[in-house]
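Notes follow the structure.
First the proteins, then the strands, lettered A, B, ... as listed; each starts at 1.
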Amino acid sequence: MSIHPELPKAYDACAVEERWQAHWRDEDHYFSRDSDRPRFIIDTPPPYPTGNFHIGNALNWCYIDFFARFKRMQGFNVMFPQGWDCHGLPTEVKVEEQQGITKNDVPREEFRRLCRELTEKNIDLMRRTMRRMAFSIDWSNEYVTMQPAYYRKTQASFLRMLREGYIYRSEHPVNFCTRCETAIAFAEVQYEGRTTKLNFFDFDGVEIATSRPELLAACVAVAVHPEDERYTPLANRTLRVPLFGHDVPVIRDEAVDPAFGSGAVMICTFGDKQDVVWWKTHDLDLRPAIDSTGHMTALAGEYEGMTAPECREAILGAMADAGILKRQEPLEQRVGTCWRCKTPIEILSERQWFVRVDPKAILAAARELRWVPDHMLLRMEDWVGKMEWDWCISRQRIFATPIPVWFCRDCGEMVLPSVTDLPIDPTRDQPKVPCPACGSTRFEGETDVLDTWMDSSISVLNVTGWDGIAPRPPLFPAQIRPQGHDIIRTWAFYTILRSLALTGEKPWEQILVNGMVLGEDGFKMSKSRGNIIAPEEILGKYGADALRQWAAAGAATGSDIQFNWNDVVAASRFQTKLWNIARFSLLQLRKGGVDESAAMGLLADRWLLARLSACVAEVTEAMEGYQFDRGLKAIREFAWEVLADEYIELVKGRLYGEGEGRAGAVRTLDTTLDVLCRLLAPFIPSFAEEVFSQLGRGSVHAQSWPDFTFDDPLALGDGEVVARIVAELRRFKHEQGMALNAPLGEVTVMAPRAIDDGGDAGRALNAIVHWQVGTQGMSRELVDVKFDKAVVGKNLRKDAAAFMDAVKALPKEVLASPVSSVVVNGVDVPVPEGAFAPVYATLVGGEQVDVVTVGDVLVTVRRSP
RNA sequence: GGGCUCGUGGUCUAGCGGUUAUGACGUCGCCCUUACACGGCGAAGGCCACCGGUUCGAUCCCGGUCGAGCCCA
């Protein structure tokens with residue numbers, strides 16, 4: 001891109017961003033497999049292709065892009081891959097909706113094709129937004145979990161875990177969505193509040209309260225608390241279930257709450273998780289009354305075929321007719337629902353596939369990671385501590401990775417494919433060899449498919465180069481996992497579990513957890529609240545760089561962040577300010593060019609470079625700690641307050657002139673602009689590139705992270721004095737109603753040491769400035785003492801207040817010279833070093849002048865007539 | 001019900017055991033100073049949620065109360 005002779009007056013962020021995005025090449029961000037630079041592999045989240053890259057994603061990816069670009073500039077061999085977690089219910093549901101069908105209306109393969117097509121379309125939409133955000137994604141490492149190249153590995157990982165005993169098949173109660181007709185894992189159960197009725201009825205002479213009368217046919221016991229005296233006579237009895245007539249035992253269990261309902265509870269298979277616990281510990285019968293489609297089974301007799309709600313009403317009616325329904329009370333309860341369709345889940349006993357969960361091992365691995373912020377580890381610990389059931393990984397759906405298993409029709413033997421034959425679909429493909437047990441060639445393919453988390457929990461194995469066959473991926477483990485705290489219990493948990501099972505190691509070195517984006521009203525964004533902000537809306541109005549600044553500075557990394565248009569607007573204004581700084585600087589640079597040998601020797605130049613050096617150090621430290629807010633704010637402060645408001649104002653006089661002073665300022669500006677662009681590059685890549693390109697040194701994204709250091713404590717201190725004198729005198733002018741560029745007359749600066757500002761202050765103030773050491777011609781009077789409470793408190797402890805009172809009470813002539821000790825409460829106490837300093841008021845004899853003080857520097861102003 | 005995080009000018013937000021508590025937006029006043037009015041200079045606005053405790057000293061540490069958000073049961 002050529003250097004523009006004239007920079008446009010206004011910065012058009014959207015136009016600039018689109019221009020650079022068209023210019024940059026994907027190859028610029030490719031990970032190099034044969035490099036010996038240190039690796040930095042990111043286990044990027046593979047989003048679910050909904051077609052909508054939402055603002056929460058945007059925040060997450062901004063963080064990733066900030067450190068990916070930073071690490072790249074630091075010389076790391078960065079891999080910022082991008083995956084797509086395609087399988088699962090949401091897409092199936094969407095296809096059913098769009099096509100007006102259910103999964104059973106079309107052949108399996110046809111249904112899959114429809115899902116794949118929708119997914120492809122959605123991925124395209126999301127890719128577009130991600131490119132517009134200027135994320136430096138390595139598209140050569142893109143993966144799509146629904147493609148054979150990926151799910152082959154999912155299947156391979158399944159087979160290995162099956163062979164090694166991590167995966168087993170068994171009949172066990174599972175969470176089941178009868179609308180989706182599939183088992184789901186606990187992580188997929190969402191609890192919602194609702195009001196229902198608690199029904200009190202006569203159960204063979206005992207009053208029972210239940211919220212689920214439709215499960216009466218599934219009743220297998222009645223439970224009471226062992227110390228509930230009301231029910232002592234029931235011990236060891238059996239009761240006859242009303243309407244159905246089968247006998248059930250009365251059991252005693254501590255978990256029964258005597259205060260709830262009537263204190264007697266019927267146990268059904270299964271009304272809730274507690275029923276499962278009782279069923280197991282008391283070895284009760286299994287009476288499944290609801291089937292996998294949500295209809296009553298034959299066990300329900302005359303109610304067979306009804307849906308559960310229909311059955312509930314019918315049974316309540318029958319109870320009323322029989323005169324056993326006593327009363328009904330409203331009941332607030334939390335009901336488990338399917339995360340996808342909100343249908344209340346049932347617990348059904350089904351033959352399913354499970355992954356063994358070893359909470360201890362997972363916890364140990366989780367604790368080996370560096371968690372940012374560290375308290376997020378607690379969420380993992382909480383979740384793991386509560387694990388009760390193994391992970392149910394089988395789903396009775398279609399658009400998912402098939403479970404690669406056949407069963408022999410003749411002897412029932414489980415037959416597995418060879419890893420090299422993967423991927424397979426056992427409902428379509430046949431084993432290549434006869435049944436090893438009986439020699440039969442008749443097989444039944446497993447129709448169950450895998451939980452989508454089985455795909456995404458090996459994302460890290462995939463990006464670190466696993467081929468599905470090697471014992472371990474060549475680049476394993478990855479350096480970092482960035483993700484939201486909402487999926488700690490799922491994606492992070494399952495990934496650790498799978499990595500341990502497949503490699504024996506933790507999956508990453510660190511995990512960076514980002515917060516949720518809340519709406520402007522402070523609540524989680526949701527359609528029902530109408531507080532959703534789409535990234536595209538921000539991109540269209542203010543551009544990607546402004547949105548990225550919001551992500552960086554809107555809140556501390558890891559905490560939830562409230563969306564705020566103000567921050568976006570402020571970000572955009574900062575870019576305008578930066579643009580004007582750049583325009584001014586570049587204009588100066590081009591008038592005669594930059595003399596690379598010019599001395600940057602004047603105080604203001606050295607001061608600016610020292611401040612720049614401090615800024616680089618702070619930003620670097622902030623980036624290392626993922627404190628993007630701190631990093632960006634340090635840059636803003638430096639650019640706006642130090643560079644624009646102070647330095648440039650100080651050196652304008654020199655720049656408008658000729659000679660060495662101008663050459664030094666020009667070179668200082670050139671250096672500063674160069675470093676500033678590099679600091680900005682991770683945050684606002686398009687802006688940084690636009691300005692840096694003007695310097696004619698190539699792409700800023702090909703530069704190294706600045707290691708600029710300029711150590712000059714004296715210039716740092718004296719420069720500060722000069723900058724503050726100028727600021728104070730500007731304020732003075734303002735207070736006197738003078739224009740800021742009006743002549744100020746004569747100014748005398750009296751400092752404790754010699755300061756040479758090279759004339760900058762005088763030019764900036766339009767004044768004649770005399771510098772002198774000491775305060776000849778003035779007198780001063782001690783009026784107060786100023787204490788350093790950190791020193792006083794540490795040394796005097798309880799006596800601090802008395803000490804300060806005693807010092808204040810000393811005669812002024814004593815305080816004027818150093819005091820070595822002071823009497824506190826009758827005791828002679830030595831004065832600690834630096835405990836206090838005298839404070840003087842200035843008295844000016846003779847001619848009337850105004851006085852401005854800057855720390856220990858006095859400035860007198862004799863205004864021009 | 002449990003866990004986590006948080007409560008800072010009107011709004012959002014940074015921060016720290018010790019001078020005058022950070023910044024942004026908003027408000028008000030002055031200024032079109034040859035980079036920038038999307039700007040400059042300045043002003044007002046805070047019992048740092050409340051109550052106890054530790055400490056010479058607490059917005060910060062500890063305990064409790066109240067409130068909010070998130071995650072979970």
Out of B/rC70, B/rA14, B/rA35, minimum distance to the side chain of A/Asp629 belongs to B/rA14
Measure from NE2 on A/His375 to P on B/rG69 and round the result to the nearest Å.
-> 18 Å
Nearest whole angstrom, please: distance from the C1' of B/rU13 to the CD of A/Gln627.
-> 15 Å
With sugar-phosphate meaning primed atoms plus P, OP1 and OP2, does A/Lys9 contact a base, only sugar-phosphate, or nothing at under 4.0 Å between heavy atoms?
-> sugar-phosphate
Can we say A/Glu637 and A/Lys633 salt-bridge, meaning some charged N sits less than 4.0 Å from an Asp/Glu carboxylate O?
-> no
Taking atom P in both B/rC48 and B/rA58, compute the distance separating them and give it to the nearest angstrom.
-> 12 Å
Assign A/Ile488 to base, sugar-phosphate, or nothing according to its heavy-atom contacts below 4.0 angstrom with the strands shown.
-> nothing
Want to settle it: does A/Lys789 or A/Gln588 sit nearer the 5' end of RNA chain B, counting the closest nucleotide to each?
-> A/Lys789
Paired with B/rC61: which nucleotide, if any, by Watson-Crick or G-U wobble criteria at under 3.5 Å for both distances?
-> B/rG53
Considering only atom P, compute the distance from B/rG26 to B/rU19 and round it to an integer number of Å.
-> 31 Å
Integer angstrom distance from the C1' of B/rC47 to that of B/rG7 = 16 Å
For B/rC51 versus B/rC56, give the span between their P atoms, rounded off to a whole number of Å.
-> 23 Å
Do A/Glu649 and B/rA35 have a side chain to base donor-acceptor pair shorter than 3.5 Å?
-> yes
Which part of the nucleic acid, if any, lies within contact of A/Ile581, taking any heavy atom under 4.0 Å across all strands shown: a base, the sugar-phosphate backbone alone, or nothing?
-> base
Indicate whether OP1 or OP2 belonging to B/rC36 is found under 4.0 Å from a side-chain N or O atom of A/Arg573.
-> no
To the nearest angstrom, how far is A/Glu381 atom CD from B/rG2 atom C1'?
-> 16 Å
Indicate, with a heavy-atom threshold strictly under 4.0 Å, whether A/Ala570 touches base, sugar-phosphate, or nothing.
-> sugar-phosphate
May I ask you to decide if the ring planes of A/Trp453 and A/Tyr494 are parallel, tilted or perpendicular, using 30° and 60° as cut-offs?
-> tilted
Whole-Å distance separating the CZ atom of A/Phe574 from the P atom of B/rG39 | 12 Å
Could you give the distance separating B/rC71 and B/rU11 at their C1' atoms, to the nearest angstrom?
-> 27 Å
Should A/Ile496 and A/Leu369 be marked as a side-chain contact (heavy atoms from CB on, under 4.5 Å) after you check the CA-CA gap, both sets of side-chain angles, and the distance that decides it?
-> CA-CA 10 Å; A/Ile496 295 175; A/Leu369 306 172; 4.1 Å; yes
Between CD of A/Glu646 and P of B/rA35 the distance, given in whole Å, is 18 Å
Counting only Watson-Crick or G-U wobble pairs whose two distances fall under 3.5 Å, which nucleotide matches B/rU20?
-> none
Report which part of the nucleic acid A/Asn766 touches: base, sugar-phosphate, or nothing (heavy-atom distance under 4.0 Å, all strands).
-> nothing
For A/Phe787, report the nucleic acid contact type (base, sugar-phosphate, nothing); a contact means any heavy atom under 4.0 Å.
-> nothing
Do the side chain of A/Lys524 and the base of B/rC70 come within less than 3.5 angstrom through a donor-acceptor pair of N or O atoms?
-> no
Paired with B/rU33: which nucleotide, if any, by Watson-Crick or G-U wobble criteria at under 3.5 Å for both distances?
-> none
Are the side chain of A/Gln562 and the backbone of A/Leu518 linked by a donor-acceptor contact shorter than 3.5 Å?
-> no
Any A/Lys798 side-chain N or O less than 4.0 Å from OP1/OP2 of B/rC56 = yes
For B/rU5, what is the paired nucleotide under Watson-Crick or G-U wobble rules, both distances under 3.5 Å?
-> B/rA68
Given RNA chain B, 5'-ward residue of the pair A/Leu796 and A/Ser572, judged by closest heavy atom = A/Ser572
Is any side-chain N or O of A/Lys633 closer than 4.0 Å to OP1 or OP2 of B/rA24?
-> no
Provide the closest heavy-atom pair for A/Pro173 versus A/Trp279 in the form atom of the first, atom of the second, distance.
-> CG-CZ3, 3.7 Å
Which whole number of Å gives the distance between the P atom of B/rU13 and that of B/rC25?
-> 16 Å
Whether A/Phe628 and A/Tyr626 hold their rings parallel, tilted or perpendicular, with breakpoints at 30° and 60° | perpendicular
Separation of A/Phe584 atom CZ from B/rG39 atom C1', in whole Å?
-> 14 Å
Return the orientation label for the A/Phe687 and A/Tyr11 ring planes: parallel under 30°, perpendicular over 60°, tilted otherwise.
-> perpendicular
For residues A/Trp565 and A/Phe563, establish whether the separation of their ring centroids is below 6.0 Å.
-> yes
Evaluate the side-chain contact (heavy atoms from CB on, under 4.5 Å) criterion for residues A/Phe683 and A/Asp545: first the C-alpha distance (whole Å), next the side-chain angles of each, then the deciding distance (0.1 Å), finally the verdict.
-> CA-CA 7 Å; A/Phe683 293 108; A/Asp545 284 341; over 6 Å; no
Would you mind telling me which of B/rC70, B/rA73, B/rC36 lies closest to the side-chain atoms of A/Trp383?
-> B/rA73
Rounded to whole angstroms, how far apart are CG on A/Asp645 and C1' on B/rC31?
-> 15 Å
With heavy atoms under 4.0 Å as the rule, sort A/Ala582 into base, sugar-phosphate or nothing.
-> nothing
Measure from the side chain of A/Phe523, starting at C-beta and using heavy atoms only, and say which of B/rA68, B/rU13, B/rA14 lies closest.
-> B/rA68
Rounded distance (Å) that lies between atom P of B/rC56 and atom CZ of A/Arg797 = 6 Å
Using the P atom in both, what is the distance from B/rA24 to B/rC6, to the nearest Å?
-> 25 Å
Take atom C1' in B/rG45 and the same atom in B/rU22, then report the distance between them in whole Å.
-> 16 Å
Select one nucleotide: of B/rC12, B/rA35, B/rC70, the one nearest the side-chain heavy atoms of A/Asp560.
-> B/rC70
According to a strict under-4.0 Å criterion, is A/Lys577 in side-chain N/O contact with OP1 or OP2 of B/rG40?
-> yes
Kindly point out which of B/rU13, B/rG69, B/rC38 is positioned nearest to the side chain of A/Thr576?
-> B/rC38
Examine B/rG39: is either OP1 or OP2 under 4.0 Å from a nitrogen or oxygen in the side chain of A/Tyr11? Give yes or no.
-> no
Taking OP1 and OP2 of B/rG40, is either one under 4.0 Å from a side-chain nitrogen or oxygen of A/Trp640?
-> yes
